[in-house]
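Every chain is numbered from 1 and lettered A, B, ... according to where its sequence line falls, protein lines coming before strand lines. When reading the values below, keep in mind they use all heavy atoms of this one structure, side chains included, and skip hydrogens, waters and symmetry mates.
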Protein chains: 2
Amino acid sequence: MTDPTPSPDLLAGYRQAPFAEDCAPRRLLKLFSGKWVTMILHALHISGGSARPGALQRNLPGLSKKMMTQTLRDLQTAGLVERVVIQTMPPNVEYRLTALGQRFIEPLEMLYCWGVRHADLLQQLGQQPD
Amino acid sequence: MTDPTPSPDLLAGYRQAPFAEDCAPRRLLKLFSGKWVTMILHALHISGGSARPGALQRNLPGLSKKMMTQTLRDLQTAGLVERVVIQTMPPNVEYRLTALGQRFIEPLEMLYCWGVRHADLLQQLGQQPD
DNA sequence: CTGTATCCTCAGAGATACTG
DNA sequence: CAGTATCTCTGAGGATACAG
């Protein structure tokens with residue numbers, strides 16, 4: 001096609017509000033943009049929906065105590081995770097995915113699965129200064 | 001201890017390398033973590049796979065010239081986008097998704113579609129200090 | 001073991017102005 | 001219109017030390 005300009009019709013659905021800063025997809029990406037957010041959600045998920053801080057940190061090499069707590073706090077205020085204190089012999093803390101949090105596991109696992117299945121593509125990526 | 005720890009078997013596949021810093025899913029998340037990366041890829045996609053700089057900027061409100069060029073450069077080095085100079089009357093520039101870039105449209109659109117379909121969930125999110 | 005409080009660094013991102 | 005070059009600044013992220 002000699003015409004570099006793409007058919008404007010393709011943009012029809014986006015014309016009114018092309019890519020508003022607060023559109024739904026952007027929020028999702030924003031939510032997943034934190035360095036540890038997805039890791040923690042994923043870790044909680046494969047741990048059966050809940051885990052204790054110690055276990056979390058052990059499962060996520062490189063995760064500092066500070067970032068863990070901070071991310072968990074953010075996830076709490078977002079309503080994706082809840083802090084549960086278990087009154088056993090030595091009282092123990094546990095973080096658990098909320099119902100809302102469970103919903104966001106879906107797109108997250110989609111991404112993770114895609115990434116795993118297409119690891120070859122991801123390795124083809126030119127190394128950007130990281 | 002009473003061991004609230006979930007069945008370790010669930011973690012079987014992740015035990016050896018729990019969440020290495022350079023695992024495939026992480027790279028995908030990392031790639032999508034840039035503020036404008038997904039926007040630009042998506043914009044290119046819905047524009048038919050290629051677009052001129054001016055059009056891109058017009059379609060992505062808030063995108064500065066600098067960030068556009070910079071992001072496009074990153075995408076070029078990553079091999080997802082190619083710069084094409086069209087030798088027409090007034091020579092014009094065009095950015096086009098490469099074959100590799102096309103592959104990454106898939107997970108991207110998955111996310112975007114999910115976000116659009118679940119806009120309600122995204123609005124339920126507690127407003128974190130943005 | 002869980003959680004908090006400081007301090008520091010550096011990269012992402014924007015604004016501006018200048019050059020083919 | 002496309003692209004580059006500075007300058008600045010916020011803030012995410014990390015290290016460390018401290019407290020329940």
Novice: Please identify each residue that fulfils side-chain hydrogen bond (donor to acceptor under 3.5 Å, both in side chains) with Q102(A), with sequence neighbours left out.
Specialist: none
Novice: Below 3.5 Å between N/O atoms, which protein atoms pair up with nucleotides 13-20 of chain D? Just atom names and distances, please.
Specialist:
{"residue": "dG13(D)", "atom": "OP1", "partner": "K35(A)", "partner atom": "N", "Å": "2.8"}
{"residue": "dG13(D)", "atom": "N7", "partner": "K66(A)", "partner atom": "NZ", "Å": "3.4"}
{"residue": "dG14(D)", "atom": "OP1", "partner": "K35(A)", "partner atom": "NZ", "Å": "2.2"}
{"residue": "dG14(D)", "atom": "OP2", "partner": "W36(A)", "partner atom": "NE1", "Å": "2.9"}
{"residue": "dG14(D)", "atom": "N7", "partner": "K66(A)", "partner atom": "NZ", "Å": "2.9"}
{"residue": "dG14(D)", "atom": "O6", "partner": "K66(A)", "partner atom": "NZ", "Å": "2.1"}

Novice: Measure from CG on L75(A) to P on dA12(D) and round the result to the nearest Å.
Specialist: 14 Å
Novice: Of all residues at least two apart in sequence or in a different chain, which pass the side-chain hydrogen bond (donor to acceptor under 3.5 Å, both in side chains) check with Q124(B)?
Specialist: none
Novice: For Q70(B), what residues pass the side chain to side chain contact (heavy atoms under 4.5 Å, CB included) criterion, not counting sequence neighbours?
Specialist: K66(B), M67(B), D74(B)
Novice: Run the side chain to side chain contact (heavy atoms under 4.5 Å, CB included) test against V93(A) and tell me which residues pass, sequence neighbours left out.
Specialist: P53(A), R83(A), Y95(A)
Novice: With side chain to side chain contact (heavy atoms under 4.5 Å, CB included) as the criterion, how do M39(B) and M68(B) come out once you've worked through the C-alpha distance, each side chain's angles and the decisive distance to 0.1 Å?
Specialist: CA-CA 10 Å; M39(B) 302 277 279; M68(B) 179 177 67; over 6 Å; no
Novice: List in chain and number order the residues that pass salt bridge (Lys or Arg N to Asp or Glu O under 4.0 Å) with R96(B), two or more places apart in sequence or in another chain; answer none if no residue qualifies.
Specialist: E94(B)
Novice: Taking the minimum atom-to-atom distance to the side chain of R52(B), which one of dT4(C), dT2(C), dA2(D) wins?
Specialist: dA2(D)
Novice: Expressed in angstrom and rounded to an integer, what is the separation of Q57(B) atom CD from dC1(D) atom P?
Specialist: 10 Å
Novice: Rounded to whole angstrom units, what separation is found between the CG atom of L56(B) and the P atom of dA2(D)?
Specialist: 10 Å
Novice: Without decimals, in angstroms, what is the distance between K30(A) NZ and dG11(D) P?
Specialist: 10 Å
